[in-house]
Amino acid sequence: METRVLPWFSKLAGFWRGFLAGIAVVAAGFLVVKSIESLMPRQVLGHLRYQAADPHSLQAVEDMGRVFLREAAAKMFITMQAKAKKDGVYLFPMSGFRDYQRQHDLFFHGARLKNQSKEKRSLVCAPPGYSEHHTGYSLDIGDGSFVREEMAIDTTFKKTASYKWLVKNAGRFHFEMSFPEDKRERRIAYEPWHWRFVGDLHSFKTFFYDRVIPKWVSAK
Ligand SMILES: [Zn+2]
């Protein structure tokens with residue numbers, strides 16, 4: 001069989017046969033590893049890569065036209081906000097869609113201002129290209145009872161009426177917390193103020209890897 005298929009191979013000296021066979025095995029191994037890698041989501045320091053939404057698919061969620069989400073997410077957020085208001089809770093949209101440049105500024109300028117290493121910065125802020133905010137499905141929610149600009153965009157948000165209301169009701173509106181406490185093992189800080197819409201097939205698929213990503217991938 002061997003002599004019919006690869007006659008030249010059988011005529012080679014033993015050393016060269018072994019050498020070529022070795023190269024073939026290494027190349028095959030390399031291809032297998034690359035194929036497996038291509039199936040894995042691309043990530044940096046625990047943050048997955050996300051496509052930026054088409055700006056034409058976005059809609060403002062407040063009157064000042066500062067915070068935008070994709071249309072389906074925007075409509076549902078406004079519906080959720082109205083229901084919360086009826087319950088005496090004001091969900092304040094702080095930040096929605098961000099383009100690559102905005103995330104670049106937040107990540108690199110923020111790190112410089114705060115004298116943070118990139119590793120430390122990535123705990124609280126995704127690198128550009130790797131933020132859920134690019135998708136147009138995620139937003140940061142502040143509590144309207146706060147008057148300061150910060151609006152409790154830190155873990156004190158957990159103590160607010162807005163947070164308690166969201167935990168109880170956000171699921172009814174297809175919103176879920178992106179970075180709950182158990183994601184700390186992925187080197188991403190607990191962000192009780194950051195929620196994402198998963199109420200249609202595209203949004204659900206957008207965040208699918210984030211739900212199933214194995215720990216050994218994210219720990220890199
Ligand atoms: Zn956020």
Side-chain angles (χ1 to χ4, degrees), residues 41 43-53 55 58-62 64 66-70 72-74 76-78 80-81 84 90-111 113-114 116 118-144 146 148-160 162-163 165-167 170-171 173-184 186-199 203 206-207 209-211 213 218:
Q43 58 91 35
V44 167
L45 294 169
H47 297 276
L48 299 181
R49 185 155 183 88
Y50 290 110
Q51 291 281 327
L58 304 171
Q59 183 183 313
V61 295
E62 35 72 73
M64 290 195 284
R66 286 184 314 119
V67 182
F68 292 84
L69 291 177
R70 283 199 209 225
M76 197 55 98
F77 176 76
I78 290 165
M80 180 166 79
Q81 194 184 39
Y90 189 54
L91 305 177
F92 190 89
M94 296 289 296
S95 178
F97 169 77
R98 290 182 205 145
D99 63 17
Y100 184 89
Q101 187 58 49
R102 175 84 184 111
Q103 195 67 26
H104 179 279
D105 294 346
L106 280 175
F107 185 79
F108 289 104
H109 295 187
L113 283 175
K114 296 186 178 180
Q116 287 173 318
K118 300 303 174 286
E119 285 75 14
K120 194 154 188 211
R121 186 69 184 147
S122 73
L123 287 171
V124 291
C125 181
Y130 295 81
S131 170
E132 283 196 2
H133 285 276
H134 294 323
T135 67
Y137 290 125
S138 293
L139 84 165
D140 298 331
I141 301 173
D143 188 288
F146 280 69
R148 292 176 300 120
E149 174 63 17
E150 291 86 29
M151 289 275 181
I153 296 294
D154 54 41
T155 48
T156 61
F157 183 71
K158 199 179 172 181
K159 296 187 182 125
T160 65
S162 288
Y163 176 77
W165 189 93
L166 283 165
V167 167
F173 302 92
H174 300 302
F175 277 90
E176 63 181 20
M177 203 190 312
S178 297
F179 307 115
E181 286 186 273
D182 61 7
K183 275 202 186 150
R184 278 178 177 158
R186 263 175 59 188
R187 302 191 75 264
I188 298 175
Y190 170 49
E191 293 192 359
W193 62 88
H194 180 112
W195 294 71
R196 67 189 177 195
F197 175 76
V198 282
S203 57
T206 296
F207 300 115
Y209 271 126
D210 189 56
R211 295 160 182 277
I213 185 169
S218 51

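Starting from 1, each residue takes its place in the sequence as its number. Worth knowing before you read on, the calculation uses all heavy atoms, side chains too, and leaves out hydrogens, waters and symmetry mates. We count ligands from 1, going down the list as the structure has it; atoms in each ligand are counted the same way. Since we're looking at a predicted model, the values are computed, not measured.
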Margin query: Please report, to 10°, the angle around the Zn ion (ligand 1) from atom NE2 (H133) across to atom OD1 (D140).
Written below: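 That angle works out to 100° after rounding to 10°.
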
Checklist line | Metal proximity, E132 vs the Zn ion (ligand 1), N/O/S cut-off 2.8 Å | finding: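 No, outside the cut-off.
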
Note to self: Are Y50 and H134 an aromatic pair, judged by ring center distance below 6.0 Å?
What the structure shows: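 H134 vs Y50: aromatic centres not under 6.0 Å.
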
Could you tell me whether the side chain of [X] and the main chain of [Y] form a donor-acceptor pair under 3.5 Å?
X    : Y    : result
Q103 : A126 : yes
Q81  : L91  : yes
E62  : R66  : yes

Notebook entry, point to check: Out of the N/O/S atoms in H194, what is the name of the one closest to the Zn ion (ligand 1)?
Noted result: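 Among the N, O or S atoms of H194, the one closest to the Zn ion (ligand 1) is ND1.
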
